[in-house]
Amino acid sequence: MLAKKDLLGLYDCSAEEICEILETADKMRDFLDGKDKKSNLLAGKSLITLFYENSTRTRVSFELAGKYLGANVVNISAASSSVQKGETLIDTGKTLDAMKIDFIAIRHPMAGAPRLLAQNVKASVLNGGDGMNEHPTQALLDMLSLKRKFGKIKGLKVAILGDIKHSRVAKSNLFGLTKLGAEVYMYAPETLLPKEISKLGAKVAKSREEAIEGADGVMGLRIQLERQNGGLFPSLSEYSAFYGVKDNLLKYAKKDAVILHPGPVNRGVELTPTLIDGETSVIEEQVTCGVAVRMALLKLLVEYREKNL
Ligand code: CP
């Protein structure tokens, strides 16, 4: 049983809660391989996806997760909503709440926006990524992909390379993976690595080789030009040459290591096309696990709501 009405970040989640989400998501992942992806677990419940930033994977997988479980799903994009007329996030939330909805999945460019919304609505709020803060459902799907490959999280070494500073994915993975006993190594240019990251449990590597040495999972992260003002590295081609994950670096990882990327990927920048499309890549499996994780969260949050609200 989850302990809160909302899923705002993995910093707030206990190891027990994360394990329960992953166990439920594992069953949902099997369900997705079935012929009929139909359940009435969420019949009569309503999910709103409220996205103030672009998304393909997160928004669509929340929508499918709700629909596969029998919920009513409505998508709102900020660009075509009353947000454009100056409505605040809290007023938007209260308006949706008044329509007797059960869930809001939100993506917002401002860190903390999902928490602000959660404090002002009765619906359960699921964070689909808030600024540079957290992207908990992404980290959960990354963890599910690793757990299904290796049968465990405890004792794994995961190397994360790329734009750590602007990455909510890196932070949520760091919290989730270390809570379940994995080691997280990070490597990036100094300008793209928060100075305090080791205090949060990351091991900072001095080279790509050190980060990848003995790793079970190697995750590339997208360079987030949209959150930068420039000047953090000379050029994309130099970034790729000195910090990208190249084919020949995989020899340092474990033999059965996997390549991960949250997407969207800049082909040839953070990962080579050979790695993205190769046999070691679990990037497509991550996407499928994303639907499973979001189904699991909706199920567990309904159980919480029925018991506590
Ligand atoms: N990984 C991820 O959040 O992708 P989208 O931006 O497509 O949702």
Side-chain angles (χ1 to χ4, degrees), residues 7-11 21-22 25 29 32 47-68 73-79 103-111 113-114 125-146 158 160-177 184 192 217-228 245 258-267 269-271 275-277 281-298:
L7 188 272
L8 302 177
L10 295 193
Y11 186 82
I21 296 165
L22 293 180
R29 175 65 191 83
L32 289 174
L47 162 68
I48 307 286
T49 67
L50 179 60
F51 275 54
Y52 291 78
E53 273 187 359
N54 296 339
S55 167
T56 298
R57 292 151 200 78
T58 312
R59 196 194 59 71
V60 175
S61 61
F62 266 118
E63 179 173 353
L64 285 176
K67 286 183 170 167
Y68 288 156
V73 184
V74 177
N75 299 306
I76 302 180
S77 100
F103 306 103
I104 304 174
I106 178 174
R107 170 169 290 186
H108 202 285
M110 212 183 79
V125 174
L126 296 109
N127 182 0
D130 61 327
M132 289 157 50
N133 182 35
E134 282 221 45
H135 192 346
T137 57
Q138 176 67 45
L140 288 164
L141 74 87
D142 296 336
M143 293 169 77
L144 180 62
S145 306
L146 289 166
V158 180
I160 303 181
L161 298 93
D163 185 353
I164 312 272
K165 180 178 170 143
H166 299 96
S167 176
R168 50 201 180 202
V169 176
K171 287 170 201 102
S172 287
N173 264 295
L174 178 58
F175 301 140
L177 285 165
V184 178
L192 294 179
V218 178
M219 183 186 297
L221 294 178
R222 187 172 63 88
I223 290 288
Q224 299 193 38
L225 294 172
E226 74 273 24
R227 294 190 212 284
Q228 299 178 16
V245 182
V258 293
I259 292 285
L260 303 110
H261 194 294
V265 63
N266 294 311
R267 280 183 172 264
V269 178
E270 53 262 11
L271 293 176
L275 290 176
I276 295 166
D277 301 321
S281 169
V282 292
I283 294 172
E284 286 182 12
E285 176 60 19
Q286 285 175 270
V287 175
T288 313
C289 284
V291 181
V293 156
R294 287 154 186 137
M295 288 169 75
L297 284 164
L298 294 173

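Order of listing sets the numbers, starting from 1, for every ligand and every atom in it. Being a predicted model, the structure only gives us computed values, none of them experimental.
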Check whether any heavy atom of R59 sits under 4.0 Å from an atom of ligand 1.
-> no
Do D163 side-chain atoms and H166 backbone N/O form a donor-acceptor pair below 3.5 Å?
-> yes
Go through ligand 1 atom by atom and flag the ones less than 4.0 Å from a non-hydrogen atom of Q138.
-> 1 (N), 2 (C)
Under 3.5 Å, side chain of S281 to main-chain N/O of D277, donor-acceptor pair present?
-> no
In terms of residue, atom name and distance, what is the protein heavy atom nearest to atom 6 (O) of ligand 1?
-> R107 NH1, 2.9 Å
Just by modelled atom types, is the L161 backbone N or O under 3.5 Å from a matching donor or acceptor in the E270 side chain?
-> no
Are the side chain of R107 and the backbone N or O of N54 linked by a donor-acceptor pair below 3.5 Å?
-> yes
Heteroatom proximity flag, P264 to ligand 1, N/O under 3.5 Å = no
Between F175 and Y11, how do the two ring planes meet: parallel, tilted or perpendicular, split at 30° and 60°?
-> perpendicular
Under 3.5 Å side-chain donor-acceptor pair for E63 and N75 = yes
Which residue supplies the protein heavy atom nearest to atom 7 (O) of ligand 1, what is that atom called, and how far is it?
-> R57 NH1, 2.6 Å
Should you measure from each heavy atom of T56, which atoms of ligand 1 turn up under 4.0 Å away?
-> 5 (P), 7 (O), 8 (O)
Report yes or no: does a heavy atom of G263 sit under 4.0 Å from some atom of ligand 1?
-> yes
